[in-house]
There are 2 protein chains.
Amino acid sequence: MIEWREDVPRWRQVANVIRRRIESGEYRPGRLLSENALMQEFGIARNTARKSIAWLREEKRLIYTRPNLGSFVGPEPEDDEE
Amino acid sequence: MIEWREDVPRWRQVANVIRRRIESGEYRPGRLLSENALMQEFGIARNTARKSIAWLREEKRLIYTRPNLGSFVGPEPEDDEE
DNA sequence: AGATATTTGTTCGTATGTATC
DNA sequence: GGATACATACGAACAAATATC
């Protein structure tokens with residue numbers, strides 16, 4: 001169970017927990033970070049989970065997202081298509 | 001066609017219709033209840049159909065689901081494996 | 001063996017509505 | 001009014017197992 005702080009948005013608190021797990025190495029590159037997993041572990045709504053993931057992706061660039069597949073720990077892979 | 005009520009979620013209204021059919025005997029034990037069938041008959045999205053089925057299974061225990069096969073009317077069969 | 005159809009499982013993208021602060 | 005957070009509901013893509021032909 002997480003004990004929510006009142007002065008920080010939940011999406012941000014969740015993102016911080018995940019960020020720490022990534023930076024500590026607990027979450028290895030390539031690991032799946034699905035919205036469902038966040039919803040279940042933290043007991044949050046999907047919108048909230050998405051906001052956490054968006055922040056990790058767009059602000060911290062610790063993960064990348066593949067539509068219909070999921071979000072994965074690590075830097076955005078280059079699209080090396082010709 | 002179903003006339004949706006505004007004050008009850010669609011997934012719940014669909015589940016209620018199915019529940020009545022099961023309890024009235026219209027749907028016999030063993031009958032397949034596929035997501036596609038619900039989508040077509042009620043004009044709902046797959047997610048919504050899945051939520052109706054999940055409720056009938058997990059809350060009412062009127063059906064059981066076999067992955068890659070479908071959901072069937074009746075109690076969850078015992079796994080009689082040795 | 002192989003192709004096809006059916007069916008569930010999982011996942012993201014988007015939008016709307018309600019309520020609260 | 002804006003940000004947060006919940007639930008609902010549409011769509012879409014892909015995987016995997018099963019059944020049939």
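Order of the sequence lines sets the chain letters (A, B, ...), proteins ahead of strands, with each chain counted from 1.
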Decide, yes or no, whether a salt bridge links [X] with [Y] under the criterion of side-chain N to carboxylate O below 4.0 Å.
| X | Y | result |
| --- | --- | --- |
| Arg19(B) | Glu26(B) | no |
| Arg21(B) | Glu41(B) | yes |
| Glu23(B) | Lys60(B) | no |

Kindly say if [X] contacts the phosphate of [N], meaning a side-chain N or O under 4.0 Å from OP1 or OP2.
| X | N | result |
| --- | --- | --- |
| Asn36(A) | dT11(C) | yes |
| Thr48(A) | dA5(D) | no |
| Arg10(A) | dC6(D) | yes |
| Arg50(B) | dG9(C) | yes |

Please report, rounded to the nearest Å, how far the [atom2] atom of [N] is from the [atom1] atom of [X].
| X | N | atom1 | atom2 | value |
| --- | --- | --- | --- | --- |
| Gln13(B) | dT8(D) | CD | P | 12 Å |
| Glu6(B) | dT16(C) | CD | P | 15 Å |
| Phe42(B) | dC10(D) | CZ | P | 13 Å |
| Arg46(A) | dG17(C) | CZ | P | 18 Å |
| Arg57(B) | dT8(C) | CZ | P | 10 Å |
| Asp7(B) | dA7(D) | CG | P | 18 Å |
| Phe72(B) | dT18(D) | CZ | P | 12 Å |
| Arg5(A) | dT4(D) | CZ | P | 15 Å |

Please tell me whether Thr65(B) and Arg57(B) have a donor and an acceptor in their side chains that are separated by less than 3.5 angstrom.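 Thr65(B) vs Arg57(B): donor-acceptor pair found between side chains.
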Given DNA chain C, 5'-ward residue of the pair Leu69(A) and Ser71(B), judged by closest heavy atom: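 Per heavy-atom nearest nucleotide, the more 5' residue is Ser71(B).
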Starting at the 5' end of DNA chain C, which residue's closest nucleotide do you reach first, Glu35(A) or Asn47(A)?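 Of the two residues, Glu35(A) wins.
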Look at the side chain of [X] and decide which nucleotide, out of [options], has an atom nearest to it.
| X | options | value |
| --- | --- | --- |
| Asn68(A) | dG13(C), dT11(C), dT8(D) | dT11(C) |
| Lys51(A) | dT4(D), dT8(D), dC12(C) | dT4(D) |
| Trp11(A) | dC12(C), dG9(C), dT4(D) | dT4(D) |
| Leu32(A) | dT8(C), dT11(C), dT14(C) | dT11(C) |

Within the 4.0 Å heavy-atom criterion, would you say Ile53(B) contacts the bases, only the backbone, or no part of the nucleic acid?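 No contact.
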Can you name the side-chain contact (heavy atoms from CB on, under 4.5 Å) partners of Gln40(B), sequence neighbours left out?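 Not a single residue meets the side-chain contact (heavy atoms from CB on, under 4.5 Å) criterion with Gln40(B).
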